[in-house]
Visitor: 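I'd like to ask you about the structure that follows.
Excluded from the calculations below are hydrogen atoms, water molecules and symmetry mates; all remaining heavy atoms, backbone and side chain alike, are included. Note that the coordinates shown come from a computational prediction; the quantities given were computed from them, not determined experimentally. Note that the numbering runs from 1 along the sequence shown for the chain.
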Amino acid sequence: MKKRILILVLAGMFCLTACNQGADNPPKEPKTQEEEKKEPIEEKKDESDQKDEASGDLDSGDSQERQNEEEDETPAKTVKIKVYNSNDDATAFVSEEAEIDSLTPENVLEALVEQEVVPADVQVLNFEQSVADGVNTIQIDFNSAFASYVSSMGSTGEYYIIGSVCNTFLDAYGCEKIKITVENATLETGHAEFPGYLTRYQ
């Protein structure tokens, strides 16, 4: 009899425990069709938002590339220089303004060639700017074609050719003195030698 009562008590306690657990964790109700339809729509929205963000990033990248291309297409600023030459009767210097792509010895020489101060076969072999005794100076080395051309002129022609080259380079670079050499040697024309620095010709 005691055993039966004990078994009944234990069984009752077990039932109460099971019922309490069931109350704490009620079974999930099955989802309705409407709820099931809503979930994938929300996921699709998230995906579309991510795509919009990605496309936004791409658009900003494209606009940056277009901006860079536009900057590359912007023409470089030209430089204006004065090119000196002799007048028609070789009695004075005259100057004419010329535009060059950038300030380089080669571009300055090309402007002199265009004004027929020197022939097209003259080349700059070396060019250096420096400060000597507090004065801005240029040292320029030409190929032998320069000496040949100057030597073929009379003394007056030689004066205006060398003077035009000196004045053009001195003005372009804002210097006061220039030394001209030919293939690293002193310029000799048959009429004169030019071992040192030259200043502006008048």
Visitor: Between Tyr173 and Phe127, is the ring centre distance below 6.0 Å?
Guide: yes

Visitor: How many angstroms lie between CD1 in Ile140 and CD1 in Ile138, if you round to the nearest 0.5 Å?
Guide: 7.0 Å

Visitor: Say you draw a straight line from NZ of Lys177 to CG of Asp133; how long is it, rounded to the nearest 0.5 Å?
Guide: 6.5 Å

Visitor: Phe142 versus Leu187: any side-chain heavy-atom pair under 4.5 Å?
Guide: no

Visitor: Check whether any side-chain N or O of Ser152 sits under 3.5 Å from a backbone N or O of Tyr149 as a donor-acceptor pair, and report yes or no.
Guide: yes

Visitor: Looking at side-chain heavy atoms only, is the closest gap between Asn167 and Arg200 below 4.5 Å?
Guide: yes

Visitor: Within the supplied structure, the quantity of interest is the number of heavy atoms (other residues, nucleotides, ligands) at a distance under 6.0 Å from Glu99 CD; does it exceed 12?
Guide: yes

Visitor: Counting C-beta onward and ignoring hydrogens, is there a side-chain heavy-atom pair between Gln139 and Tyr197 closer than 4.5 Å?
Guide: yes

Visitor: Identify the heavy atoms of Val108 and Ala172 that sit nearest to each other, and give their distance.
Guide: CG2-CB, 4.3 Å

Visitor: Spell out, as yes or no, whether a donor-acceptor pair under 3.5 Å connects the side chain of Ser151 to the backbone of Thr189.
Guide: yes

Visitor: Could you state the interatomic distance from CD1 (Ile178) to CD (Gln129), rounded to the nearest 0.5 Å?
Guide: 10.0 Å

Visitor: Roughly how far apart are Glu106 CD and Ile100 CD1, rounded to 0.5 Å?
Guide: 10.5 Å

Visitor: If you group Ile, Leu, Val, Met, Phe, Trp and Tyr by side-chain heavy-atom gaps below 4.5 Å, do Val182 and Leu125 land in one group?
Guide: no

Visitor: Distance from Glu114 atom CD to Leu109 atom CG, nearest 0.5 Å?
Guide: 10.0 Å

Visitor: Can you see which heavy atom on Cys166 is nearest to which on Leu198, and at what distance?
Guide: SG-CD1, 3.6 Å

Visitor: Under 4.5 Å between any side-chain heavy atoms of Tyr84 and Val117, yes or no?
Guide: no

Visitor: So which heavy atom on Ala111 is nearest to which on Ala98, and how close?
Guide: CB-CB, 4.5 Å

Visitor: Indicate, with yes or no, if Ile161 and Val94 share a hydrophobic cluster defined by side-chain heavy-atom contacts under 4.5 Å among Ile, Leu, Val, Met, Phe, Trp and Tyr.
Guide: no

Visitor: Hey, are the side chains of Ile81 and Asp171 touching, using non-hydrogen atoms and a 4.5 Å cut-off?
Guide: no

Visitor: Do Phe169 and Cys175 make a side-chain contact, defined as non-hydrogen atoms from C-beta onward lying under 4.5 Å apart?
Guide: no

Visitor: Under 6.0 Å from the CG atom of Asn87, do we count more than 12 heavy atoms belonging to anything else shown?
Guide: yes

Visitor: With heavy-atom distances below 4.5 Å as the criterion, would you say the side chains of Val113 and Val122 are in contact?
Guide: no

Visitor: Indicate yes or no: at least one non-hydrogen side-chain atom of Glu183 is less than 4.5 angstrom from one of Asn143.
Guide: yes

Visitor: If you round to the nearest 0.5 Å, how far is CG of Leu170 from OH of Tyr201?
Guide: 10.5 Å

Visitor: Work out which heavy atom in Thr137 is nearest to a heavy atom in Ala132; give both atom names and the distance.
Guide: CG2-CB, 4.1 Å

Visitor: Which heavy-atom pair separates Glu96 from Gln115 by the least distance, and what is that distance?
Guide: OE1-OE1, 3.5 Å

Visitor: Return the minimal non-hydrogen interatomic distance between Ala192 and Glu158, and the atom names on each side.
Guide: CB-OE2, 3.9 Å

Visitor: Which of parallel (below 30°), tilted (30 to 60°) and perpendicular (above 60°) describes Tyr159 and Phe93?
Guide: tilted

